[in-house]
Amino acid sequence: MRRLLMLLCVLSIVLAACNNGTPAGDNSAQSDSAIQWDKSPATVVFRAEVRGGQYEGSFLARNEIPPCTVYGDNRVVWTTEVGGGATQVLFDQVTDERIREFVNYLAINEQFYSYESGVDSQLPSSVSPVVETLTLFVNGDDRRTDALGGWNIDYYERVLASCRNISSEPAIFAPDGGWLSAQNVAYDSGAPLIVWDANAAGLSFGELASTGQPRWITGSLVQVLWETLRQSAYDVRFDEGDNQYQIALQVPGVTRDAPAAP
């Protein structure tokens with residue numbers, strides 16, 4: 001009952017930000033204070049993502065970039081497919097008004113607060129179900145709902161498109177730095193493979209894998225590896241000497257669950 005009252009309170013605040021149908025993104029003093037969020041760049045204000053499956057929590061999952069995320073410092077980061085299995089990462093720095101308009105859209109048009117998380121009611125399984133998930137964290141209420149909670153068939157795609165459309169001036173993202181990890185994997189002649197020259201690159205995946213710890217890298221190397229991963233198959237391997245390695249590149253504020261920069 002306490003949680004229900006809290007959610008009703010949050011929704012009433014959102015609804016109060018509308019004046020005869022005017023979204024909370026207008027310039028009134030009331031709308032400026034109705035919807036608030038933690039302004040930390042590490043805070044996830046909204047996220048649309050797909051969770052679960054065999055790779056959930058795996059080494060390769062470190063490379064995952066959610067389809068669209070709104071961060072506390074007003075950055076919107078999202079992905080788009082560019083053909084041939086490649087992806088592109090875009091971002092924009094938007095206004096408070098644009099984010100408030102989006103939150104109003106979720107609460108009123110899409111009835112976001114009327115849905116629950118259906119994943120929590122599923123029977124235990126060795127592999128978690130693959131589920132489209134939405135998270136919204138405003139006014140102190142961290143709310144998650146998913147496709148097992150009663151959405152209609154195109155609910156997730158509508159919300160995802162609206163998240164991406166918060167931006168008016170998207171730019172292609174290129175990292176300045178990131179946490180690089182490597183793991184040795186069994187030889188597979190049928191796997192997608194890239195030959196890696198450790199001497200030319202000044203970086204050995206074998207040495208990195210032996211430490212078991214991520215290393216912060218910067219400069220042209222991080223950008224080359226970033227672009228290579230965006231253009232490659234999910235399970236691409238790097239051939240170095242007599243061994244094959246998989247790598248993960250975690251960029252704070254972009255890839256999911258990335259550690260903070262040093």
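Position 1 is the first residue of the sequence; numbering continues from there.
In this structure, Gln88 has no side chain to side chain donor-acceptor pair (under 3.5 Å) partners at least two apart in sequence or on a different chain. For Arg75, the salt bridge (charged side-chain N to carboxylate O under 4.0 Å, His left out) test picks out Asp73, with sequence neighbours left out. When the side chain to side chain contact (heavy atoms under 4.5 Å, CB included) test is applied to Ala86, the partners found at least two apart in sequence or on another chain are Val82, Gln231. For Arg256, the salt bridge (charged side-chain N to carboxylate O under 4.0 Å, His left out) criterion is met by Glu49, Glu64, not counting sequence neighbours. Listed by chain and number, the residues in a side chain to side chain contact (heavy atoms under 4.5 Å, CB included) with Phe137 are Thr43, Asp142 (sequence neighbours excluded). For Asp242, the side chain to side chain contact (heavy atoms under 4.5 Å, CB included) criterion is met by no residue, not counting sequence neighbours. By the salt bridge (charged side-chain N to carboxylate O under 4.0 Å, His left out) test, Glu207 pairs with no residue at all, sequence neighbours left out. Not counting sequence neighbours, Glu240 has no partner by the salt bridge (charged side-chain N to carboxylate O under 4.0 Å, His left out) test. For Arg62, the side chain to side chain donor-acceptor pair (under 3.5 Å) criterion is met by Ser181, not counting sequence neighbours.
Judged by distance alone, the side chain of Asp146 and the main-chain N or O of Leu148 form a donor-acceptor pair under 3.5 Å. Side-chain atoms of Asp141 never come within 3.5 Å of backbone atoms of Leu136 as a donor-acceptor pair (strictly under, hydrogens ignored). Here the side chain of Asn74 pairs no donor or acceptor atom with the backbone of Gln93 at under 3.5 angstrom. Looking at Gln111, its side chain does come within 3.5 Å of a backbone N or O of Ile108 through a donor-acceptor pair. A side-chain donor-acceptor contact under 3.5 Å links Asn139 to the backbone of Ala34. Arg237 places no side-chain N or O within 3.5 Å of a backbone atom of Asn184 that could act as its donor or acceptor partner.
Counting Ile, Leu, Val, Met, Phe, Trp and Tyr side chains that sit under 4.5 Å apart, directly or through other members, Trp216 shares a hydrophobic cluster with Trp179.
Between Tyr156 and Trp151, the ring planes are parallel. Angles under 30° get that label, and only those over 60° would be called perpendicular.
Using a 4.0 Å cut-off between charged nitrogen and carboxylate oxygen, Arg230 and Glu227 do not count as a salt-bridge pair.
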Residue pair Tyr115, Leu134: steps toward the side chain to side chain contact (heavy atoms under 4.5 Å, CB included) verdict | CA-CA 10 Å; Tyr115 296 106; Leu134 301 174; over 6 Å; no
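Linking ILVMFWY side-chain heavy atoms closer than 4.5 Å, directly or via other members, places Val236 and Val222 in a single hydrophobic cluster. No chain of hydrophobic side-chain contacts below 4.5 Å, direct or via other Ile, Leu, Val, Met, Phe, Trp or Tyr residues, connects Leu180 to Val185.
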Mind listing the side-chain donor-acceptor pairs of residues 189-197 below 3.5 Å, one per line with the distance, residues two or more places apart or on another chain?
unit_1 : atom_1 : unit_2 : atom_2 : d
Trp196 : NE1    : Leu203 : O      : 2.9
Asp197 : OD1    : Asn199 : N      : 3.2
Asp197 : OD1    : Ala200 : N      : 3.1

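Judged as a disulfide (SG to SG under 2.5 Å), the pairs with a partner in residues 162-229 (not counting sequence neighbours) are, in order, Cys68-Cys163.
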